[in-house]
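When a ligand or atom number is given, it counts from 1 through the structure's own listing order.
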Amino acid sequence: MSGANGSSGVRRSAAHGKVILFGEHAVVYGVPALAVGIDRGAWADATPCNESRSSMHVRDWNVTVSDDVADDGLPLARAFRDVLAVTRDAQRAEGRAPVGVVTVDAGADLPPGGGLGCSAALGVAVARALDPLATPEVIASRVMAWERVFHGNPSGIDATVSSLGGCVLYERSDAQAPTIQRVRLPRTLLLCVGHSGIASSTKTMVEAVARLRERRLETTQKTFDAIHTLVKNARLAIEAGDERAIGQLLDLNQMLLSGLFVSTPEIEQMCEAARSAGAHGAKLTGAGGGGCVVALVDEASKGEAVLSAWKRDGFDGFLTRVGGVVSKDTTPV
Ligand code: MEV
């Protein structure tokens, strides 16, 4: 999705939002997870300028930050400074001229705190605008510096899917680079994404699960093991295009996430409403504690029925199609 340099010197780029289909939270502890890039996302323009400092304006949030340490009280300013520094270091290490002073104009059409990867998408769009020559994998790794500012201990799945798009199986490793496999979708998946109306903090939710794990190591590990098995089965179901099986696994994953105390009454209500309206299955997506729900349907009329049921209960939503075939290659990239 990255754009080319225009004659004006503006570097324009774009990035996907994401929906985690299976494995959130467990992915922080090395369990693989499956996620898809969606059409909604973020964009950024980087323009060389003669100012003394680089700056970034995020339109939808009406906020401007600079890379001056004096701005560091703002997480967005720290994230911007970190991604600029990582980009320049990498460019120097490759014998390229580092990006100079720039003005970045950016925006996102994702709800912040909604579980759809808003911060990662913004980070990817900015990192890509700063260095359009970097590969999607390299961009994702640079955005880890940005994501750490917002999320504390990110697994990296959000930035990876935002940068690569498609359907990705992601496995974190503390010892080495993550394993990233593209998963082939033989047919388009039709997803309903609904917002519970409550913004949540990924950092807070990841910390809550970490505390639960400290208190109840054995039970939490059993839940992660069950999610691991579920993700393996989900991959097979996705590759086989077996929507019924995918739906059942979504429901099972939701049950396991409830056991980690990251679901809410609104999320449970939305999942139930989606199933009653004809979805194959539904679960929260992202960190939970609010944010979004994803439901799988097999046809647009059922998707509309799910959206109507949510609307009746006061929840906004949209339909998004992901897939067909992204790549036959399922080897690590
Ligand atoms: C957030 O989108 C997904 C979590 O698993 C956190 C992470 O992977 O960094 C909750």
Side-chain angles (χ1 to χ4, degrees), residues 15-38 40-42 75 79 108 110-124 140-165 167-174 177-180 191 193-196 198-213 220-221 223-224 226-228 230-231 234 250 253-254 256-264 267 283-294 320:
H16 300 275
K18 66 93 189 41
V19 167
I20 298 187
L21 293 176
F22 298 98
E24 51 271 273
H25 284 293
V27 69
V28 174
Y29 299 91
V31 172
L34 277 158
V36 289
I38 60 173
R40 295 179 183 217
L110 297 165
L116 302 181
C118 180
S119 75
L122 205 53
V124 166
S141 71
R142 286 184 194 163
V143 173
M144 287 303 279
W146 170 292
E147 283 284 88
R148 263 182 224 110
V149 172
F150 293 106
H151 297 327
N153 180 22
S155 66
I157 189 169
D158 291 11
T160 299
V161 178
S162 173
S163 187
L164 271 70
C167 182
V168 168
L169 184 85
Y170 179 91
E171 189 172 347
R172 175 187 205 169
S173 160
D174 285 335
T179 304
I180 302 163
L191 303 175
V193 179
H195 199 300
S196 67
I198 297 159
S200 93
S201 152
T202 299
K203 187 167 186 284
T204 306
M205 298 312 292
V206 168
E207 285 168 359
V209 172
R211 280 197 301 277
L212 180 71
R213 186 169 170 270
T220 311
Q221 194 51 52
T223 303
F224 289 166
I227 292 176
H228 196 156
L230 191 145
V231 170
L250 288 171
N253 199 164
Q254 174 58 23
L256 293 165
L257 286 164
S258 301
L260 294 174
F261 305 106
V262 294
S263 190
T264 65
I267 289 170
K283 64 179 270 294
L284 67 84
T285 181
C292 284
V293 163
V294 59
T320 185

Practice task
Please confirm whether Thr202 comes within less than 3.5 Å of ligand 1 when only nitrogen or oxygen atoms on both sides are compared.
Solution key: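 Such a contact does not occur with ligand 1.
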Exercise for the section: Check whether any N or O atom of His25, backbone or side chain, sits under 3.5 Å from an N or O atom of ligand 1, and answer yes or no. Expected result: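 His25 vs ligand 1: N/O contact under 3.5 Å present.
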Taking all non-hydrogen atoms of both residues into account, name the closest pair between [X] and [Y] and its distance.
| X | Y | answer |
| --- | --- | --- |
| Ile38 | His16 | O-ND1, 3.1 Å |
| Gly156 | Tyr170 | CA-OH, 3.4 Å |
| Gly114 | His195 | CA-NE2, 3.8 Å |

Completion exercise
Honestly, for Lys18 the part within reach of ligand 1 (heavy atoms, under 4.0 Å) is side chain
Practice task
Any chance you could lay out the side chain to side chain contact (heavy atoms under 4.5 Å, CB included) test for Leu34 and Cys167, step after step, and finish with the verdict?
Solution key: CA-CA 7 Å; Leu34 277 158; Cys167 182; 4.3 Å; yes
Interfacing atoms of ligand 1 (cut-off 4.0 Å, heavy-atom, [X]):
| X | value |
| --- | --- |
| Asp158 | 1 (C), 2 (O) |
| Ile157 | 8 (O) |
| Val27 | 5 (O), 8 (O) |
| Ala287 | 10 (C) |
| Glu24 | 5 (O) |

Exercise for the section: Take Leu257 and His25, measure what side chain to side chain contact (heavy atoms under 4.5 Å, CB included) needs, and give me the verdict at the end. Expected result: CA-CA 8 Å; Leu257 286 164; His25 284 293; 4.2 Å; yes
Problem - side chain to side chain contact (heavy atoms under 4.5 Å, CB included) between Phe22 and Leu256, intermediate numbers included - result: CA-CA 11 Å; Phe22 298 98; Leu256 293 165; over 6 Å; no
Handout entry: Qualifying residue for side-chain contact (heavy atoms from CB on, under 4.5 Å) with Ile20, from Val294, Asp158, Val36
Key =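 When Val294, Asp158, Val36 are each tested with Ile20, the side-chain contact (heavy atoms from CB on, under 4.5 Å) holds only for Asp158.
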Handout entry: Protein contact to atom 3 (C) of ligand 1 [nearest heavy atom, distance to 0.1 Å]
Key = Ile20 CD1, 3.6 Å
Problem - Closest protein heavy atom (residue, atom, distance) for atom 8 (O) of ligand 1 - result: Ser155 OG, 2.5 Å
